[in-house]
Amino acid sequence: SASSLTMNAVYQLKTSPPTSPSSRSKMIQWSSRSVATFILCVVGACTVMYYNLLPSSQATTSSKSVALDNRIAGIDGDDEHAFSGGVAWLMSFPNSGTTYTNLLVHQVSGYNTATNYGNEEGDGRLSDSGTNVAVYEDSPVGPFFSGQRNATNYKRPERGYVLSKTHCGSYCLWCYKSDYLTSASVFAKQCRRSSHAVVVDGGGGDGSDNYNGGNSKKLVEGYYNTSLVKRAVHLMRDPFSNIVARFHHFRKKLKKENKLLELESYPSTRIGFRKMCSVLDAKLQKDTVKSDQFYRGVRDLVKSIPCISDFYRYVQWHNHAFLTTSDLGLDIPSLILPYENYTTQYNLTVDTLLDFLRLEKDNDPPVFITGKTYREYFDEEEIDAVAELFRSLALPVTWEHTRHYFEE
């Protein structure tokens, strides 16, 4: 029944293969629980993992109204959390639509969103006392508000959920396997890892690293309580576009660090992307090929896929994200939001996201810039090799939500 879905459902904005936009399924569907078992071997250690699986047999077309009614009825029993201002994680592999989704919710609802990474908000997000502003007074380690500088200007939702950004862990780019191969339990803990800035010896911020005649800020890290988290928005993006978007972020970082000569060597083109991949792959070649356990069963694909280590991280990240919000982890409602739906079914996506967060639509949404797709950066043989990588390494639930990126 619908009421049985309260804490067990996975809500999905369903899409069809990107190669056939006209045939995309414009529906929202919910799944009853189906539990499966998967043996995941990482660096020789095997762990039995349980996860919620959306069976392909349930991927049937429903009318928009019926699907919405089922979804909303399925979470009515959780309304006590909505009024207590619980956190809704915005879980995303970096560069998969986090910034726009945060801006969308903030601008349309009029309420501030939050983040695990208060230090990334900069000095302009410090309160007059010189620290990032925590959403909850009894949880000073986060999450922290994103938005205006003065704490009195932060508008916490009077009802609904506070959308809070988290990248969890294992998403580094220029790193070796020891930095990103991890277990699902460690990953889940990283989802609530926080960092924020505080001013040493007090004082208010003046927009620089100096405060009141020389006081400086310091970074404080911690973990907030899992009980704050009541649901999750799980962003997903075409892996090819996602990996290229991470290249663009890499270029922005070079520019910010004033590494202009290196920036010029990586133009914002297909050539620049593939050059970065060749450098990255060469750096990590021994790390990926000469380990008996690493890329078990897919070693033949290593030389066929540009930036293969980042595609591996993408698969592992989403595997762990699904596990974190399912029975193995928090067992909370999760909205699966494909980034491409902002292009193909914008209004439905916005309405569904706000419904899931229990927020009202009080203002017009920000403009969404379409066309940020980069599949042309890859050859057909490389796309086929990535598909094989996913089929080999993805959990069935991850494959169910990504297979349409590879289907003709």
Side-chain angles (χ1 to χ4, degrees), residues 10-31 54 56 59 61-62 64 67-68 71 90-105 108 163 165 167 171 232-249 270 273 307 310-311 313-315 317-318 321-322 334-357 365-378 380 382-383 386-387 389-390 394 397-408:
V10 174
Y11 308 103
Q12 176 194 13
L13 284 168
K14 187 68 175 176
T15 61
S16 297
T19 53
S20 304
S22 62
S23 64
R24 291 180 185 272
S25 175
K26 298 182 178 180
M27 68 176 180
I28 301 165
Q29 64 184 46
W30 53 270
S31 68
L54 172 65
S56 57
T61 303
S62 303
K64 173 182 172 181
L68 279 171
R71 181 179 53 76
L90 179 58
M91 304 177 72
S92 64
F93 190 67
N95 306 108
S96 58
T98 319
T99 300
Y100 180 80
T101 303
N102 260 321
L103 176 63
L104 169 67
V105 171
V108 170
L163 188 67
K165 166 186 170 181
H167 292 314
Y171 55 83
V233 176
H234 182 160
L235 278 175
M236 303 194 78
R237 187 177 184 179
D238 178 341
F240 301 102
S241 296
N242 202 162
I243 300 307
V244 175
R246 279 163 64 78
F247 160 66
H248 293 155
H249 180 76
R270 183 180 190 271
F273 167 72
C307 286
D310 217 27
F311 280 104
R313 282 184 285 271
Y314 178 104
V315 176
W317 194 96
H318 286 289
F322 279 113
S334 178
L335 174 68
I336 313 303
L337 198 165
Y339 176 78
E340 296 76 24
N341 281 21
Y342 285 131
T343 296
T344 60
Q345 40 189 326
Y346 184 82
N347 291 332
L348 177 60
T349 301
V350 172
D351 292 343
T352 303
L353 177 60
L354 293 177
D355 284 345
F356 185 75
L357 297 174
V367 174
F368 178 75
I369 301 175
T370 62
K372 295 182 179 181
T373 59
Y374 307 101
R375 292 176 68 89
E376 68 275 11
Y377 280 35
F378 301 85
E380 286 301 319
E382 294 166 346
I383 293 176
V386 174
L389 180 80
F390 273 57
V397 65
T398 303
W399 177 242
E400 180 64 32
H401 290 284
T402 56
R403 64 187 302 167
H404 62 276
Y405 296 121
F406 306 104
E407 295 174 345
E408 294 294 338

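Index from 1, following the sequence. The basis for the numbers below is simple: all heavy atoms, side chains too, and nothing from hydrogens, waters or symmetry mates.
- Residues F406 and I383 share a closest heavy-atom pair of CD2-O, 4.1 Å.
- Between S96 atom OG and W317 atom CH2 the span is 6.5 Å, to the nearest 0.5 Å.
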Apply ring-ring contact (aromatic ring centres under 6.0 Å, His included) to residues F240 and Y314 and explain how you reach the verdict.
CA-CA 10 Å; F240 301 102; Y314 178 104; 9.1 Å; no

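- Taking the side chain as every heavy atom from C-beta outward, H248 and K372 never approach each other to under 4.5 Å.
- The closest donor-acceptor contact from the side chain of H167 to the backbone of S92 lies under 3.5 Å.
- Atom OG1 of residue T402 and atom CE of residue M236 lie 5.5 Å apart, to the nearest 0.5 angstrom.
- No hydrogens or angles considered: a donor-acceptor pair under 3.5 Å links the side chains of T101 and Y342.
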Let's go through Y339 and D238 carefully: what are the C-alpha distance in whole Å and the side-chain angles of both, what is the deciding distance for side chain to side chain contact (heavy atoms under 4.5 Å, CB included) to 0.1 Å, and is it a yes or a no?
CA-CA 8 Å; Y339 176 78; D238 178 341; over 6 Å; no

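- Once rounded to the nearest 0.5 Å, the distance linking CG of N102 with CG of L163 reads 5.0 Å.
- Residues passing the salt bridge (charged side-chain N to carboxylate O under 4.0 Å, His left out) test with K165 are E120, sequence neighbours excluded.
- Side-chain contact of E340 with Y405: a donor-acceptor pair under 3.5 Å is present, judged by distance alone.
- Between A232 and F356, the shortest heavy-atom distance links the atoms O-CE2, 3.4 Å.
- Proximity of V233 to L357: side-chain heavy atoms (C-beta onward) are separated by under 4.5 Å at one or more points.
- Residues R270 and E376 fail the side-chain proximity criterion, which asks for heavy atoms closer than 4.5 Å.
- Panel note: side chain N95, backbone S241; no donor-acceptor pair is recorded below 3.5 Å.
- Two residues are said to be in side-chain contact when any heavy atoms from C-beta on lie closer than 4.5 Å; L104 and F368 fail this criterion.
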Decide side chain to side chain contact (heavy atoms under 4.5 Å, CB included) for R246 and F93; before the verdict, give the C-alpha distance in whole Å, the side-chain angles of both, and the deciding distance to 0.1 Å.
CA-CA 10 Å; R246 279 163 64 78; F93 190 67; 3.5 Å; yes

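- Note that CG of L103 is 12.5 Å distant from OG1 of T98, once rounded to the nearest 0.5 Å.
- Once rounded to the nearest 0.5 Å, the distance linking CG of L335 with CG of L235 reads 9.0 Å.
- At least one donor-acceptor pair under 3.5 Å links the side chain of Y100 to the backbone N or O of P366.
- The CG atom of N341 sits 7.5 Å away from atom CG of L348, with the distance rounded to the nearest 0.5 Å.
- Using cut-offs of 30° and 60° on the angle between ring planes, the pair F322 and H318 is tilted.
- In plain terms, the two heavy atoms of P239 and F311 that are nearest each other are O-CE2, 3.9 Å.
- Taking F247 as the reference, F273 meet the ring pair (Phe, Tyr, Trp, His ring centres under 6.0 Å) condition, with sequence neighbours excluded.
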